[in-house]
2 protein chains.
Amino acid sequence: MPSWTLHQGDALTLLPTLDTLADAVIVDPPYNSGGLQAAQRRGQSARGKYVSGDANHLLPDFGGDRRDQRGYTYWLSSMLAASLAAARPGASALVFTDWAQLPATSDALQAGGWVWRGIIPWRKTIARPTRDGFKRECEYVLWGSHGEPTRHAPSIYLPGWLEGSQPRGKGRVHITQKPVAVMRQLVRIAPEGGTVLDWCAGSGTTGVAALAEGRRFVGIEASGEYAAAARQRLMAAVDKEPAAA
Amino acid sequence: MPSWTLHQGDALTLLPTLDTLADAVIVDPPYNSGGLQAAQRRGQSARGKYVSGDANHLLPDFGGDRRDQRGYTYWLSSMLAASLAAARPGASALVFTDWAQLPATSDALQAGGWVWRGIIPWRKTIARPTRDGFKRECEYVLWGSHGEPTRHAPSIYLPGWLEGSQPRGKGRVHITQKPVAVMRQLVRIAPEGGTVLDWCAGSGTTGVAALAEGRRFVGIEASGEYAAAARQRLMAAVDKEPAAA
DNA sequence: CCCCACATTGAATCCGCAG
DNA sequence: GCTGCGGATTCAATGTGGG
């Protein structure tokens with residue numbers, strides 16, 4: 001049985017067709033921030049928004065980042081409801097968000113049928129300072145469960161705070177790529193040998209982390225370009241791993 | 001002119017009578033968590049909820065912690081609207097909350113007329129681990145501004161997250177007392193010599209921090225017992241400070 | 001009045017070079 | 001080849017100002 005699969009296509013279409021129920025759904029959807037504040041509401045694409053002027057790198061853009069806040073909440077709750085149907089009872093959902101979308105994301109999580117169980121802040125360590133105010137240095141992971149969460153045996157105790165800088169330089173494939181070290185902490189919410197599902201796979205970091213921690217991975221990615229990049233990273237990750245006993 | 005004042009009484013009544021406009025409103029309202037989840041909805045008082053079984057200390061209980069979530073949001077937005085009227089344009093509001101009430105608190109902040117500007121996580125460092133899940137080790141400070149925030153001269157750059165453990169042992173007067181070190185970072189959002197307002201003064205930590213950072217303080221506290229304790233701490237804090245030039 | 005270009009700040013991290 | 005240091009680079013922005 002392969003320890004990972006990556007589908008390319010529309011997540012809402014593909015989710016009902018998966019043949020394994022997930023033990024954890026871990027996603028990093030486009031945040032769609034900018035619906036609230038005038039300075040950001042310029043119809044910018046993700047690249048224009050997130051990449052600073054002098055950092056002229058050539059990472060491909062990503063779609064799905066132009067909804068307004070109601071649209072975002074509605075879209076995300078549909079996705080999370082579909083995820084619930086694709087997840088085992090007791091499974092967990094972990095959803096990344098920034099500060100501005102945190103309340104909307106918690107609404108979507110609960111509207112999707114998940115029980116909200118907490119927030120795990122992620123400190124990015126490299127962030128621009130804010131003049132005359134507090135630096136916006138953290139992103140947030142919202143934790144939900146499908147009913148009562150699964151008991152682990154032996155019990156595990158996971159951190160309530162994550163730290164790690166975004167990948168830089170050659171290792172970086174996606175604009176908003178998460179550090180593998182951070183993801184490795186998160187995938188442990190699925191039991192060993194369990195399945196982690198990410199329907200917003202991007203460059204496949206969730207999968208790389210899942211494999212490194214001895215979990216299976218099912219990914220969905222809309223963009224062909226990113227799906228290809230993710231497959232490459234996943235193949236490399238399997239080679240690196242010692243064969244299972 | 002005294003550098004601090006502490007009123008005892010009902011905040012909603014007293015707020016309109018204050019004779020100085022605040023440069024920063026910093027409050028730590030009772031979180032009212034537990035309105036949603038059955039396990040917590042046992043008619044517990046604040047002491048029963050926040051004080052663990054074996055920590056048998058004799059801190060007085062505090063009121064206002066039995067609203068349901070709608071009531072909490074409504075009450076908090078009224079309080080924050082009254083705070084806005086008591087604050088200078090450009091002033092900031094900083095409101096403490098736990099993870100469960102964060103979305104409701106952001107609603108209340110914005111309903112009260114403040115512009116939401118960010119979240120500052122406070123990492124408590126001493127927190128119980130969570131079995132088979134992520135530790136809940138953070139509380140959160142929501143940052144809002146009365147219109148465009150005041151410009152500081154010279155500019156200041158404040159941290160994006162806070163760390164500090166809750167006071168323990170003899171130094172602790174209030175059940176949910178915040179560390180002075182954490183509060184000192186926060187009061188700096190008011191310009192030097194500006195006025196910090198806290199209508200939920202409790203044991204007066206906000207005031208102690210404000211004085212330590214060279215800001216004036218106006219506090220309101222409903223309970224006579226806590227008001228007295230706060231006055232003692234504030235007097236001691238002034239004695240410790242070198243006299244103003 | 002709307003829209004776009006650009007300067008900006010501190011800290012973490014990277015990179016290249018020297019020892 | 002490894003380590004240590006110093007300068008360069010970057011940051012899931014935001015505010016300002018000009019066209």
Side-chain angles (χ1 to χ4, degrees), chain A residues 27-67 69 72 76 94-102 104-105 120-142 162-183 200-203 205-206 223 226, chain B residues 90 92 115-121 143-145 147-163 185 188-189:
Chain A
V27 281
D28 178 24
Y31 297 167
N32 271 291
S33 288
L36 284 177
Q37 290 176 34
Q40 301 177 318
R41 215 185 308 150
R42 296 182 209 140
Q44 288 173 314
S45 69
R47 187 125 138 248
K49 255 191 301 200
Y50 302 138
V51 175
S52 58
D54 47 344
N56 243 337
H57 43 65
L58 296 168
L59 302 177
D61 211 337
F62 62 88
D65 198 35
R66 291 210 195 170
R67 297 177 182 89
Q69 187 150 38
Y72 176 75
L76 189 55
L94 301 173
V95 186
F96 276 81
T97 181
D98 67 355
W99 68 271
Q101 296 289 14
L102 196 159
T105 305
I120 308 124
W122 165 41
R123 184 183 163 224
K124 288 184 288 186
T125 69
I126 175 162
R128 278 188 190 77
T130 303
R131 182 156 104 163
D132 297 329
F134 298 92
K135 195 193 271 198
R136 274 163 280 246
E137 187 170 5
C138 293
E139 291 183 23
Y140 302 90
V141 181
L142 267 59
L162 304 166
E163 260 183 59
S165 66
Q166 284 199 301
R168 298 175 58 178
K170 267 183 261 175
R172 189 160 103 149
V173 180
H174 194 278
I175 300 182
T176 67
Q177 191 169 330
K178 303 295 179 266
V180 175
V182 164
M183 278 296 182
C200 233
S203 54
T205 307
T206 309
S223 136
Y226 283 127
Chain B
S92 281
V115 180
W116 188 23
R117 306 203 80 89
I119 302 175
I120 307 124
W143 172 34
S145 67
E148 280 307 301
T150 305
R151 274 299 168 69
H152 291 241
S155 287
I156 56 165
Y157 294 86
L158 298 171
W161 64 287
L162 304 165
E163 194 164 10
Q185 302 279 356
R188 297 183 58 215
I189 194 67

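Every chain is numbered from 1, with letters handed out A, B, ... down the list of sequences.
- If you check C:dT9, C:dA11, D:dT16 against the side chain of A:Lys135, the one that comes closest is C:dA11.
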So which protein N/O to nucleotides 3-9 of chain D N/O distances come out below 3.5 Å?
{"from": "D:dT9", "atom 1": "O2", "to": "A:Arg168", "atom 2": "NH2", "distance (Å)": "3.2"}

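- Between A:Glu163 and A:Trp122 there is no side-chain heavy-atom pair separated by less than 4.5 Å.
- Annotation: salt bridge (Lys or Arg N to Asp or Glu O under 4.0 Å) contacts of A:Asp28 (sequence neighbours excluded): A:Lys178.
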Secondary-structure string, 5' to 3', Watson-Crick or G-U under 3.5 Å, | for another-strand partners, for DNA chain C: .|||||||.||||||||||

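- For A:Arg172, a side-chain nitrogen or oxygen approaches OP1 or OP2 of D:dC11 to under 4.0 Å.
- The side chain to side chain donor-acceptor pair (under 3.5 Å) test applied to B:Ser145 returns B:Arg117, not counting sequence neighbours.
- Residues that satisfy the side-chain contact (heavy atoms from CB on, under 4.5 Å) test with A:Glu137, not counting sequence neighbours, are A:Arg123, A:Ala127, A:Lys135, B:Trp161.
- The phosphate of C:dT13 has OP1 or OP2 within less than 4.0 Å of a side-chain N or O from A:Thr125.
- In this pair, B:Trp116 and A:Trp99 present their aromatic rings perpendicular. The plane angle is above 60°, beyond the 30 to 60° band.
- Under the ring pair (Phe, Tyr, Trp, His ring centres under 6.0 Å) criterion, A:Phe134 pairs with B:Trp143, not counting sequence neighbours.
- For the side-chain contact (heavy atoms from CB on, under 4.5 Å) test, residues two or more places apart in sequence or in another chain that qualify with A:Val180 are A:Arg184, A:Thr205, A:Val208, A:Ala209, A:Arg233.
- Residue-to-nucleotide proximity on DNA chain C shows that, of A:Ser165 and A:Ala127, the 5′-proximal contact is made by A:Ala127.
- For the pair B:Tyr157 and A:Arg123, both in contact range of DNA chain C, the more 5′-proximal nearest nucleotide belongs to B:Tyr157.
- Taking side-chain N and O atoms only, A:Arg128 has no distance below 4.0 Å to OP1 or OP2 of D:dG15.
- Under the salt bridge (Lys or Arg N to Asp or Glu O under 4.0 Å) criterion, B:Arg151 pairs with A:Asp132, sequence neighbours left out.
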